[in-house]
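Here's the structure, in structure tokens; my notes come after.
We name chains A, B, ... by the order of the sequence lines, and we start the count at 1 in each one. FYI, side chains are in, hydrogens and waters are out, and symmetry mates aren't considered; it's all heavy atoms of this structure.
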Protein chains: 2
Amino acid sequence: MNEERIVTVQASLRDRGIDALLVSVGSDLPYLTGYRAMPLERITALVVPSVGEAALFVPELEAPRVETSIEVRPWGETDDPFDRIAAALPGDGIIATGDQMWASFLIAFQNRLPGARFVDAEPLMAPLRMIKDEDEIAALRDAGHAVDGVADHLSTVRFSGRTEREMSRIVSDLVLASGHETVSFAIVAAGKNGASPHHEASDQIIEPGDAVVVDFGGRVRGYGSDTTRMYCVGEVPDGFEEAYAVLERAQRAAVESVRPGTTAEAIDAAARSIISDAGYGEFFIHRTGHGIGLDAHEQPYIVQGNAEPIRPGMAFSIEPGIYVPDRWGMRIEDIVVATRDGVERLNRSSRELRIVE
Amino acid sequence: MNEERIVTVQASLRDRGIDALLVSVGSDLPYLTGYRAMPLERITALVVPSVGEAALFVPELEAPRVETSIEVRPWGETDDPFDRIAAALPGDGIIATGDQMWASFLIAFQNRLPGARFVDAEPLMAPLRMIKDEDEIAALRDAGHAVDGVADHLSTVRFSGRTEREMSRIVSDLVLASGHETVSFAIVAAGKNGASPHHEASDQIIEPGDAVVVDFGGRVRGYGSDTTRMYCVGEVPDGFEEAYAVLERAQRAAVESVRPGTTAEAIDAAARSIISDAGYGEFFIHRTGHGIGLDAHEQPYIVQGNAEPIRPGMAFSIEPGIYVPDRWGMRIEDIVVATRDGVERLNRSSRELRIVE
């Protein structure tokens, strides 16, 4: 599989007149080699020339953990890895660098190869990574099924009296117990904190009457899950139910709008128009969704201004929200995959407001 | 505190003839602002001009979670953040970029500011971050004390019959229960896997007779812990005890060599010479240690070729190891802080070989 992807990348490099791809930390590396590097100061780098053999440079002490069909070239603790890797790059060519490589690494290569031109690899890699194959969709489906179980189980858990941090810990444990290899995040935002979409779980105690945003995910066979459900402790806050009905309608409309030929921004508009028409437009302060795969966030982004046509195999979140400062916030999130004739929801747990203790 | 650090950085920028510092993900950001950004595709960026006011650009939806004394400038979902941030940078000056900024972000800035020259900020930031103040040392001390408790508790846990992954999970839970905010890593490498220093916990079942490398750490008030202890299941493998005695002696000698005026490479040599003289030199395949602070690995690196003089306030690991392929591996790791007249060990749990069930 990795060999096929390398061949595809090389064809794409030649089509674009790029001489080599240089990939370090980030998900392009596991996509092309099956190996995920540690995000540390010792550089791991894959060099894919437009013609010829690819090579994977790894710190010598990490070489034993690398399993890949690519040629592995370990570098020692007292070597200069940048000199060694630069020698494998075209000194006067165009080099596409992986999006999450550290800037300090890029500068080290720019200093060693002043005649080369460095461009962002994302326009090259995103078209390949955006379209998931059957194995990738199967992993996303299993990950989605696993978090659905967590969402349902949370309905039986007591929220009241625990801190957000304790609840986040419980969510993380459930994500691991459900079959994920790792937890990517476990947002728990109660009451007013719910109005901050990326709130960091705090020592605030969850109290009766709080609406709680719970947004969590992990990785199954390297691929991400990501879902958000709403839990109200005992009772529902004033004005919440009306807004929630609008949000649920907007989320469903956006999901149902997914089909080949529509665009990313049209899906955003499908959710946004319903929320705006109901008078909550100013409180929907983020895009409708993001692609998902080896990265928790990747292309396609479901946002105004992105005319990317939706094609079968694209996987992304649909997660509109309404955030009223100093009162509460709400979000409903599912991962979907575009199919040949429509859409498959990968999250199927109930989207009804859940009342918990 | 952040204000003082900004003032210090600005003086350092002027000393070096650099016009601005541009920091994104990575630990320079919390060091200078108190805020740790999410490592996602929406850029967070701090701009510190050599003269004038610093500004922190953040995605609008994350603005509510930012607590800092720096001026915050949110950017909206449909804005181009790179245009906005570039406008705050000197178009024809020298700009130092934070080491872990994504390469795609750096390329976006290079494209918008073709007249600017971008240099690595690490030579500017490392001298500041390497010397820990009292609060930083207190956090490192608390983190060290917390992992020591975990190391001791592990002596009472049954290893035999569990997979490495299950043990890694148990270690992670203990790290959180001991007062860490997050777990950074929990390496569990049993038997032959111990010969891979950065082994990823697998489904291999731990068996009687296995020597198990357990290397773990997390964050307390943002600052890291990192310790390694050795556990033998029931009995000690052939040849292990002799090597372990050498390793323990090497680790102690390296710790005792720490004092102001020595160098990073001299500390490495203190450990390495003992291991080499005992005939295990070829099996000590990594440097002796790394600095620790807001990053799990940072300067100073305790490695041959690094003549950095040791100064009071430097915090780093001392972690020699011996790795015999296809047999076993061993490592002993403590964090130490250089003091005015010597060294303080931040890990004090027993370094004796621990026999477990």
Among Asp99(A), Val25(A), Asp120(A), Asn306(A), which residue has the highest count of heavy-atom pairs closer than 4.5 Å to chain B?
Asp99(A)
Ranked by heavy-atom pairs below 4.5 Å to chain B, first place among Pro64(A), Ala121(A), Gly76(A) goes to Pro64(A)
Just wondering, do Thr97(A) and Ile107(B) contact through their side chains at under 4.5 Å, heavy atoms?
yes
Chain A interface, residue from Arg165(B), Glu60(B), Glu200(B), Glu122(B) that has the most non-hydrogen pairs under 4.5 Å:
Glu200(B)
Mind checking which of residues 35-46 of chain B sit less than 4.5 Å from chain A, heavy atom to heavy atom?
Met38(B), Leu40(B), Glu41(B), Arg42(B)
Pick from Leu176(A), Asn111(A), Asp295(A): which one has the most heavy-atom pairs with chain B under 4.5 Å?
Leu176(A)
Structural part of Gln304(B) lying under 4.5 Å from a heavy atom of chain A
both
So if I take each residue of residues 192-199 of chain B and look for any heavy atom under 4.5 Å from a heavy atom in chain A, which residues do I end up with?
Ser196(B), Pro197(B), His198(B), His199(B)
Need one label for Phe185(A): side chain, backbone, both or neither, based on atoms under 4.5 Å from any heavy atom in chain B.
neither
Heavy atoms of Ile285(B) and Glu77(A) approach each other most closely as O-CG, 3.7 Å
Would the number of heavy atoms belonging to other residues, nucleotides or ligands and lying under 6.0 Å from CZ of Arg117(B) be above 12?
no
Is chain A contacted by the side chain of Tyr323(B), its backbone, both, or neither, given a heavy-atom distance below 4.5 Å?
neither
Region of Gln110(B) in contact with chain A, defined by heavy-atom distances below 4.5 Å:
side chain
Answer with side chain, backbone, both or neither: which region of Gln100(A) has an atom nearer than 4.5 Å to a non-hydrogen atom of chain B?
both
